[in-house]
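Single-structure report; data block below.
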Amino acid sequence: MATETTLTRPHIIELPKIPDQRGNLSFFQNDSPIPFTMERVYWIYDVPGGEQRGGHAYRTLQEFVVALSGSFEVLLSDGREEQRFLLNRSYYGLYIPPLYWRQMENFSTNSLALIVADKAFDEGDYVREFSRFQQLRDAR
Ligand code: TYD
């Protein structure tokens, strides 16, 4: 298995925060501080209590996930170990490299998940069977 550098592991990225009495402002842009060029943005909202999203991996897609409002948890697996990240602030987010199994859960009421990705939507990039995901992991 290839050794992963810090950059290729999932990690929290802190975003600039411009404090202002009129309300705070945060932002990100291509390649800074997120480590890729954005191609697509989508968001998940109106999640009923107790529901989960995700339950798959991507072969090549990189993503960055921010809780713009409310909170939720992202559970990541590299096929061996699981890591759980709580996202509950709009000034940091989670970088997810390719080939991580992900589940999003424990969405608070009115939470809003913003996800930016480095590629256009492609169902062919999804790995929706955990056993297949493990095969791809083992082959790395
Ligand atoms: P999916 O990625 O499975 O959702 P989750 O956030 O739970 O992982 O996507 C759900 C459906 O939406 C699926 O039919 C594919 C479609 N979809 C698009 O058409 N475009 C997109 O950019 C995304 C993310 C999903």
Side-chain angles (χ1 to χ4, degrees):
M1 190 172 140
T3 311
E4 292 184 319
T5 66
T6 308
L7 247 194
T8 59
R9 287 202 199 108
H11 59 277
I12 294 290
I13 295 177
E14 189 135 349
L15 301 172
K17 182 178 177 186
I18 317 288
D20 194 306
Q21 286 178 348
R22 302 168 299 158
N24 300 329
L25 183 153
S26 287
F27 64 95
F28 52 88
Q29 53 196 359
N30 278 338
D31 304 318
S32 171
I34 56 171
F36 59 81
T37 301
M38 296 176 263
E39 177 76 24
R40 175 167 52 111
V41 181
Y42 62 96
W43 48 101
I44 295 174
Y45 53 99
D46 291 348
V47 179
E51 283 293 345
Q52 298 177 336
R53 302 289 315 208
H56 55 75
Y58 300 111
R59 290 164 199 268
T60 65
L61 194 74
Q62 303 177 72
E63 289 192 327
F64 180 64
V65 183
V66 184
L68 279 189
S69 175
S71 66
F72 52 87
E73 291 179 311
V74 185
L75 186 60
L76 296 180
S77 170
D78 63 4
R80 295 180 187 189
E81 291 178 5
E82 289 190 346
Q83 275 180 287
R84 184 178 287 275
F85 295 89
L86 171 66
L87 299 182
N88 61 359
R89 295 283 183 270
S90 36
Y91 53 82
Y92 64 77
L94 175 64
Y95 169 69
I96 310 178
L99 267 192
Y100 274 83
W101 192 266
R102 85 275 315 282
Q103 192 133 296
M104 297 166 70
E105 57 193 33
N106 294 326
F107 287 88
S108 69
T109 306
N110 287 332
S111 58
L112 171 58
L114 179 81
I115 299 112
V116 295
D118 71 336
K119 294 182 186 64
F121 175 72
D122 174 13
E123 182 62 42
D125 198 53
Y126 280 73
V127 186
R128 294 194 182 272
E129 279 178 28
F130 194 77
S131 57
R132 178 69 186 132
F133 162 69
Q134 280 179 314
Q135 282 176 350
L136 290 167
R137 268 273 162 188
D138 289 345
R140 271 181 24 150

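As the structure lists them, so they are numbered: ligands from 1, and atoms in each ligand from 1.
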Distance only, no hydrogens: is a donor on one side chain within 3.5 Å (strictly under) of an acceptor on the other, for Thr37 and Asp31?
yes
Flag for Arg137-Gln134: side-chain donor and acceptor within less than 3.5 Å:
no
Would you mind writing out the side-chain donor-acceptor pairs for residues 67-74 within the sub-3.5 Å range, not counting sequence neighbours?
residue, atom, partner, partner atom, Å
Ser69, OG, Asn110, O, 3.4
Glu73, OE1, Arg84, NH1, 3.1
Glu73, OE1, Asn106, ND2, 2.4

Restricting to non-hydrogen atoms, name the atom on Pro98 and the atom on Arg59 that form the minimum distance, rounded to 0.1 Å.
CB-O, 3.4 Å
As a test of reading the model: which N/O atoms of the protein lie under 3.5 Å from N/O atoms of ligand 1, and at what distance?
residue, atom, partner, partner atom, Å
ligand 1, 2 (O), Tyr126, OH, 2.5
ligand 1, 3 (O), Arg128, NH1, 3.3
ligand 1, 3 (O), Arg128, NH2, 3.2
ligand 1, 4 (O), Arg53, NH2, 3.1
ligand 1, 7 (O), Arg53, NE, 2.8
ligand 1, 7 (O), Arg53, NH2, 3.1
ligand 1, 7 (O), Gly54, N, 2.8
ligand 1, 8 (O), Gly54, N, 3.4
ligand 1, 8 (O), His56, NE2, 2.5
ligand 1, 22 (O), Arg40, NH1, 2.5

Quick one: sort the Tyr126 and Tyr58 rings into parallel, tilted or perpendicular, breaks at 30° and 60°.
perpendicular
Face-on cation placement of Arg9 at Tyr95 ring, 6.0 Å and 45° thresholds:
no
